[in-house]
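To start, the structure itself, in C-alpha cells.
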Amino acid sequence: MGPGWEVVIVEAPAASDGDGGSGTPEAVAAARGAEIYVGYGVPAGVVAAGRGTLKWAHSGTAGVGASLPHLAGSGVVLTNSAAVHAEPIADWTIAAVAYFARALDRMREFQAAAQWARSAFADLEVPVRELGELRLGVLVSAASVRPSRGVGCPSG
C-alpha cells in the first residue's frame with residue numbers, strides 16, 4: 001500500500017462459516033471512513049459505518065447471500081472467495097464418497113463396539129462397493145444474470 005493508506009487489523013474473533021458472522025464492534029469501528037473492507041461476509045453494521053466512503057468489500061466466504069440485502073443500492077463493489085474453496089470441496093467429496101462406498105462407517109461402528117466383523121464383510125452382509133461401479137449425479141443451480149443499463153454492456 002502506498003502513502004496515505006492505513007491498514008486496520010481487527011483482532012476480534014470472526015465467524016468464517018456460512019456467509020460470515022454478524023460483525024463485531026471492532027470491525028464496525030474499523031469500517032468508519034474505510035474505502036476497502038475485507039472480512040467474512042459484510043455485516044450491516046460495517047456497511048452503515050462505511051456509508052459514503054466504502055467502495056469495495058471482499059468476503060473470504062464463498063456465500064454472500066446474507067450480505068446482499070444491506071449492500072443493495074450502496075454502490076459498494078462486492079467480491080468473494082468462492083473459487084478458493086472449489087478444490088478442497090472436491091477433495092472432501094471424493095473422500096466422503098470413498099468412505100461410505102468402502103463401508104468405513106460400518107467398520108468404525110464395529111470397532112467402537114469392540115466387535116471383530118470379519119464375517120459381516122466376508123459374507124457381504126455389509127455391502128462394500130468399488131468406486132468404479134458407482135454413478136455420481138451432480139445437481140447444479142444456475143441463475144441468469146443480466147447486466148444493468150449504463151455499465152457499458154448491451155442490454156437484452
Side-chain angles (χ1 to χ4, degrees), residues 1-109 111-112 128-156:
M1 311 260 349
W5 285 91
E6 176 188 9
V7 176
V8 178
I9 297 173
V10 175
E11 298 290 340
S16 63
D17 57 340
D19 283 0
S22 58
T24 62
E26 294 89 342
V28 170
R32 283 192 189 92
E35 291 184 46
I36 300 169
Y37 172 81
V38 178
Y40 293 109
V42 187
V46 167
V47 175
R51 192 152 323 276
T53 59
L54 192 60
K55 294 180 171 116
W56 173 40
H58 180 81
S59 175
T61 63
V64 293
S67 301
L68 296 178
H70 35 273
L71 282 168
S74 68
V76 176
V77 173
L78 175 63
T79 57
N80 69 352
S81 295
V84 173
H85 305 289
E87 287 186 22
I89 289 172
D91 291 349
W92 187 92
T93 302
I94 291 168
V97 167
Y99 181 83
F100 290 108
R102 301 300 298 169
L104 295 178
D105 57 325
R106 296 301 310 276
M107 289 179 195
R108 291 285 296 143
E109 289 173 15
Q111 183 183 38
V128 177
R129 308 280 306 269
E130 297 290 333
L131 295 180
E133 67 187 33
L134 300 178
R135 298 297 173 261
L136 178 64
V138 179
L139 301 175
V140 276
S141 174
S144 174
V145 178
R146 185 171 285 155
S148 299
R149 293 180 188 255
V151 293
C153 298
S155 59

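Along the sequence shown, residues carry numbers from 1.
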Exercise for review: Nearest 0.5 Å please: distance from the CD1 atom of Ile89 over to the CD atom of Glu87.
Suggested key: 11.0 Å
Review point. What do the steps show when you test Val47 against Val42 for side chain to side chain contact (heavy atoms under 4.5 Å, CB included), and what is the final call?
Key: CA-CA 7 Å; Val47 175; Val42 187; 3.6 Å; yes
Check your understanding: Which heavy atom in Pro69 sits nearest to a heavy atom in Gly65, and how many Å separate them?
Key -> CD-O, 3.4 Å
Check your understanding: Rounded to the nearest 0.5 Å, how far apart are CZ of Arg108 and CG of Leu104?
Key -> 9.5 Å
Point to revise | Minimum-distance pair of heavy atoms, taken over all atoms of Ser81 and His58 | key: OG-NE2, 2.9 Å
Revision key, fill the gap. The reported gap from CG in Leu131 to CD1 in Ile94 (rounded to nearest 0.5 angstrom) is 9.5 Å
Would you mind writing out the side-chain donor-acceptor pairs for residues 27-38 within the sub-3.5 Å range, not counting sequence neighbours?
unit_1 : atom_1 : unit_2 : atom_2 : d
Glu35  : OE1    : Lys55  : NZ     : 3.4

Exercise for review: Using the side-chain contact (heavy atoms from CB on, under 4.5 Å) rule, pick out the option among Leu78, Thr79, Val76 that qualifies with Trp56.
Suggested key: Thr79
Exercise for review: Return the minimal non-hydrogen interatomic distance between Arg102 and Met107, and the atom names on each side.
Suggested key: O-CE, 3.6 Å
Point to revise | Nearest non-hydrogen partners of Ser74 and Arg51, listed with the distance | key: CB-NH1, 4.3 Å
Study note, to complete from the structure: What one should report as the nearest heavy-atom pair of Val46 and Leu54 is O-CD2, 4.4 Å
Review point. Got a second to check how far Arg106's CZ is from Phe100's CZ, nearest 0.5 Å?
Key: 12.0 Å
Review point. Closest heavy-atom contact between Asn80 and Thr61?
Key: CB-O, 3.4 Å
